[in-house]
S.K.: 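This is the structure I want to talk about, given as structure tokens.
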Amino acid sequence: MLLLALDTATPAVTVALHDGDDVIASSSQVDARRHGELLLPAVDRVLAEAGLRLDAVTGIVAGTGPGPYTGLRVGLMTADTFGLALGVPVNGVCTLDGLAYAADLAGPFVVATDARRKEVYWARYADSRTRLTEPAVDRPADIAGEVAGLPAVGAGALLYPDTFPQAHEPEHVSAAALARLAVERLKAGEELPAPRPLYLRRPDAQVPKNYKVVTPK
């Protein structure tokens with residue numbers, strides 16, 4: 001097995017290689033505006049670090065969000081393209097699950113990432129491997145009662161201490177954690193889903209009102 005994992009659902013552009021035993025190379029850079037520019041060089045970098053070529057990859061895992069439309073689709077489209085070119089399976093893992101796995105907390109907790117617009121993408125977990133709720137997007141004040149008293153991880157938790165007073169690292173997901181979780185699930189016989197994006201809301205870019213289509217005569 002040589003699994004290539006990548007995620008662009010948060011400001012982190014993160015890539016890792018897992019050989020079935022552990023992560024053998026990884027790269028993470030935080031830049032919310034340069035996902036498309038940074039992702040392919042990061043893939044090249046981890047392959048070079050491992051001394052391998054892309055055609056050695058036997059499977060791909062992509063973080064499916066939730067996340068902003070533009071950043072998230074960079075990772076998912078890249079994963080799909082690699083899968084088609086190499087003829088290898090492409091699977092998805094929820095980005096929030098990767099953060100929960102990396103946090104390695106024992107008891108109930110919350111994962112919250114920054115959704116912008118003064119909102120967070122979030123879900124509740126029983127432990128680092130078990131999600132209790134579907135990912136959602138809400139204003140922190142609107143979910144204060146649901147998350148009261150629970151530890152929280154992620155950039156969203158760190159941004160809103162009034163709602164998440166027990167905020168912990170990690171701030172962003174790492175592809176290394178995503179890869180370890182994916183391999184653990186595969187070895188347990190779990191079938192990973194296709195990499196379908198969790199957008200949860202419409203993209204920021206909208207067609208202006210009263211837009212007039214101009215066609216040539």
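Residue numbers run from 1 in the order of the sequence given.
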S.K.: Measuring from atom NE2 of H172 to atom CG of L158, what distance do you get when rounded to the nearest 0.5 angstrom?
M.R.: 9.0 Å

S.K.: At their closest point, which heavy atom of G65 faces which heavy atom of C94, and how far apart are they?
M.R.: O-SG, 3.4 Å

S.K.: Closer than 3.5 angstrom, by distance alone: can the side chain of Q166 be matched with the main-chain N or O of G149 as a donor-acceptor pair?
M.R.: yes

S.K.: Just verifying a value: how many Å separate I143 CD1 and E119 CD, rounded to the nearest 0.5 Å?
M.R.: 10.0 Å

S.K.: Which heavy-atom pair separates G75 from L6 by the least distance, and what is that distance?
M.R.: O-CD1, 3.3 Å

S.K.: Rounded to the nearest 0.5 Å, what separation is found between the OH atom of Y101 and the CD atom of E184?
M.R.: 4.0 Å

S.K.: Is there a path of hydrophobic side-chain contacts, each under 4.5 Å between heavy atoms, that joins V57 and V61?
M.R.: no

S.K.: Are I60 and L52 co-members of a hydrophobic cluster defined by side-chain heavy atoms under 4.5 Å apart?
M.R.: yes

S.K.: Is it true that a side-chain atom of H35 and a backbone atom of T10 form a donor plus acceptor pair closer than 3.5 Å?
M.R.: yes

S.K.: Should the ring pair Y199 and Y69 be called parallel, tilted or perpendicular, given that the plane angle runs from 0 to 90° and is split at 30 and 60?
M.R.: tilted

S.K.: Roughly how far, to the nearest 0.5 Å, is the CD atom of E171 from the CG atom of L159?
M.R.: 7.5 Å

S.K.: Out of curiosity, does V88 fall in the hydrophobic cluster containing I24 (side-chain heavy atoms, cut-off under 4.5 Å, transitive links)?
M.R.: yes

S.K.: Would you say that L105 contacts P151 through its side chain, given a criterion of any heavy-atom pair below 4.5 Å between the two side chains?
M.R.: yes

S.K.: Would V30 and L40 show up in the same hydrophobic cluster when neighbours are defined by side-chain heavy atoms closer than 4.5 Å?
M.R.: no

S.K.: Please determine which of V120, L99, V153 meets the side chain to side chain contact (heavy atoms under 4.5 Å, CB included) test together with T113.
M.R.: L99

S.K.: What are the two closest heavy atoms between K118 and Y160, and how far apart are they?
M.R.: CA-OH, 3.2 Å

S.K.: Donor-acceptor check, side chain of T133 to backbone of A123, threshold 3.5 angstrom: yes or no?
M.R.: no

S.K.: Do any N or O atoms from the side chain of D19 and from the backbone of D22 form a donor-acceptor pair under 3.5 angstrom?
M.R.: yes

S.K.: Locate the shortest heavy-atom distance separating T14 from A175; write the atom from each residue and the value.
M.R.: OG1-N, 2.7 Å

S.K.: Cluster question for you: counting only ILVMFWY and a side-chain heavy-atom cut-off of under 4.5 Å, with indirect links fine, are F164 and W122 together?
M.R.: yes

S.K.: If you look at every heavy atom in Y121 and P68, which pair is closest and at what distance?
M.R.: OH-N, 4.0 Å

S.K.: Without swapping roles, check the side chain of Y125 against the backbone of D97 for a donor-acceptor pair under 3.5 Å.
M.R.: yes

S.K.: Would the distance check show the side chain of N91 and the main-chain N or O of L192 forming a donor-acceptor pair, the cut-off being under 3.5 Å?
M.R.: yes

S.K.: Using 0.5 Å steps for rounding, measure from the CG atom of D31 to the CD atom of Q29.
M.R.: 8.0 Å

S.K.: Quick one, R180 and V23 - any side-chain contact, counting heavy atoms below 4.5 Å?
M.R.: yes

S.K.: Just verifying a value: how many Å separate T58 OG1 and L86 CG, rounded to the nearest 0.5 Å?
M.R.: 10.0 Å

S.K.: Closest heavy-atom contact between V90 and P195?
M.R.: O-CD, 3.4 Å

